[in-house]
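Here's the structure we're looking at; comments come further down.
Because only heavy atoms are used, hydrogens play no part in the values below, and waters and symmetry mates are left out as well, while side chains stay in. All values derive from a computational prediction rather than experimental measurement.
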Amino acid sequence: MENIENQDFKQIGSKLLDWYKKNARDLPFRQTKDPYKIWICEIVFQQTRISQGLNHYNNFVKRFPDVKTLAEAPEDEVLLYWKGLGYYSRAINIHKAAQQIMTDYYGVFPHDYEEILKLKGIGKYTAAAVSSICFDSKMPAVDGNFYRVLSRIFADDFDISNSRAFNYFSELAQLVLPENVGDFNQAMMDLGSEICKPKNPLCHECPLNQDCLAFQLNKVSEFPVKTKKVKAADLDLKYYFVHRNGQFLIQQRKDDFIWKKLFEFPPEISEELMPFIKSVKNVNHKLTHKNLSIEIFNVEVDSESVWEDFIIKNQYIITDFEGSHEKSFPKPLENYIQNYHTAYRIL
DNA sequence: AATACGGGGGG
DNA sequence: CCCCCAGTATT
């Protein structure tokens with residue numbers, strides 16, 4: 001019995017592969033099996049749409065074309081190429097992993113799933129993706145697309161917010177997995193983003209609609225089942241825009257909270273800074289961004305004051321609007337700097 | 001097992 | 001305004 005059903009399900013995999021041969025998206029990382037490039041693209045496109053990250057990916061691999069170049073680059077520059085992408089620990093980890101490959105693997109990207117999994121920032125999904133695409137491993141790269149496509153095909157109501165979902169859908173994937181797992185994994189990504197979309201899927205164009213139980217039952221919108229909805233906590237921040245003659249003060253964040261190692265304005269006026277200050281004005285610069293509320297105070301510094309020693313001692317960095325391009329700022333602050341520059345023409 | 005981590009886009 | 005997305009690390 002299982003044999004017969006298995007045969008049926010396997011044809012789903014081969015149908016998908018046929019569809020992929022004709023409909024694969026033309027993406028820069030599709031013409032290579034270089035594990036470095038595949039790795040970078042997998043990290044860039046975690047929780048990130050293609051249209052959103054494509055320029056970042058291209059710029060990144062142009063500047064850092066291989067493991068060695070990346071490993072030898074300064075961390076701040078890696079961060080700079082990640083500017084605006086979000087989830088900045090990805091950049092930190094990608095840099096560490098490159099150094100890990102240099103020291104632990106003599107600069108050669110490891111071939112085995114288990115070894116790849118040991119690299120910083122690489123979890124089960126990415127290890128499966130890289131090993132299957134580059135080294136022909138048979139691991140399904142189970143991600144949000146797998147959850148969505150498989151739950152619909154089998155009209156399976158297993159809750160994808162359950163922490164066992166990864167294992168559950170990995171088993172389910174075995175039913176349809178063809179010989180060429182690397183292409184299958186990529187096919188699932190394309191089908192999931194182009195056809196089997198979260199909202200308004202294009203079922204009439206889907207190569208698998210005859211095999212899709214949810215479609216046959218007219219219940220596609222009911223899958224996947226996801227019960228938990230976590231809401232991000234609200235966050236109120238204050239920043240002091242300390243400036244003089246078109247220059248302003250910034251410092252680097254720690255790596256223990258949001259915006260890891262990104263640059264920001266001083267979040268407070270320290271005691272040592274007081275003597276240099278001419279005025280602090282609440283100019284009503286309020287940035288709201290998602291669940292963020294950021295209040296910015298305009299701080300004017302006495303233009304005669306000599307504060308170089310103070311800056312070094314307190315690990316502040318002084319920069320101008322041009323220099324700020326060399327640093328990676330959180331998006332709301334990046335926008336603020338741009339607007340301030342254009343609105344006030346401070347040079 | 002639960003939670004934090006960003007930013008862009010769709011409805 | 002809420003939901004979703006080529007997930008991972010931490011607790």
- Query: Between K331(A) and dG8(B), does any side-chain N or O lie under 4.0 Å from OP1 or OP2?
  - Reply: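 The answer is yes; a side-chain N or O of K331(A) sits under 4.0 Å from OP1 or OP2.
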- Query: W259(A) side chain N/O closer than 4.0 Å to the phosphate oxygens (OP1, OP2) of dG7(B)?
  - Reply: yes
- Message: With heavy-atom distances below 4.5 Å as the criterion, would you say the side chains of K260(A) and S89(A) are in contact?
- Response: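 Heavy-atom side-chain distance check passes, below 4.5 Å.
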- Rounded distance in Å between the P positions of dT8(C) and dG8(B):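 Between the two P atoms, the distance is 22 Å.
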- Message: Using the P atom as the point on both nucleotides, what is the distance between dA6(C) and dC5(B), in whole Å?
- Response: 22 Å
- Message: At 4.0 Å (heavy atoms only), tell me whether L27(A) reaches a base, stays on the sugar-phosphate, or touches nothing.
- Response: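 Counting heavy atoms under 4.0 Å across all strands, the contact made by L27(A) includes a base.
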- Task: Look at all strands and tell whether I122(A) reaches a base, only sugar-phosphate, or nothing, counting heavy atoms closer than 4.0 Å.
- Result: sugar-phosphate
- Under 6.0 Å between the ring centres of F241(A) and Y340(A)? yes
- Would you say the ring centroid of F158(A) lies under 6.0 angstrom from that of Y168(A)? yes
- Note on the structure: So, with a heavy-atom separation below 4.0 Å from DNA chain C, the residues of residues 135-160 of chain A are D143(A), G144(A), N145(A), R148(A)
- Item | Distance, rounded to the nearest Å, where Y87(A) contributes OH and dT3(B) contributes P | 15 Å
- Item | 5' precedence on DNA chain B between N335(A) and K231(A) (nearest-nucleotide basis) |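 On the 5' side of the pair lies K231(A).
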- Query: Dot-bracket for DNA chain B, 5' to 3', with Watson-Crick and G-U pairs under 3.5 Å, [ ] for crossing pairs and | for other-strand pairs: what is it?
  - Reply: |||||.|||||
- Note: E334(A)-K331(A) ion pair, threshold 4.0 Å (strictly below):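 No, this pair does not count.
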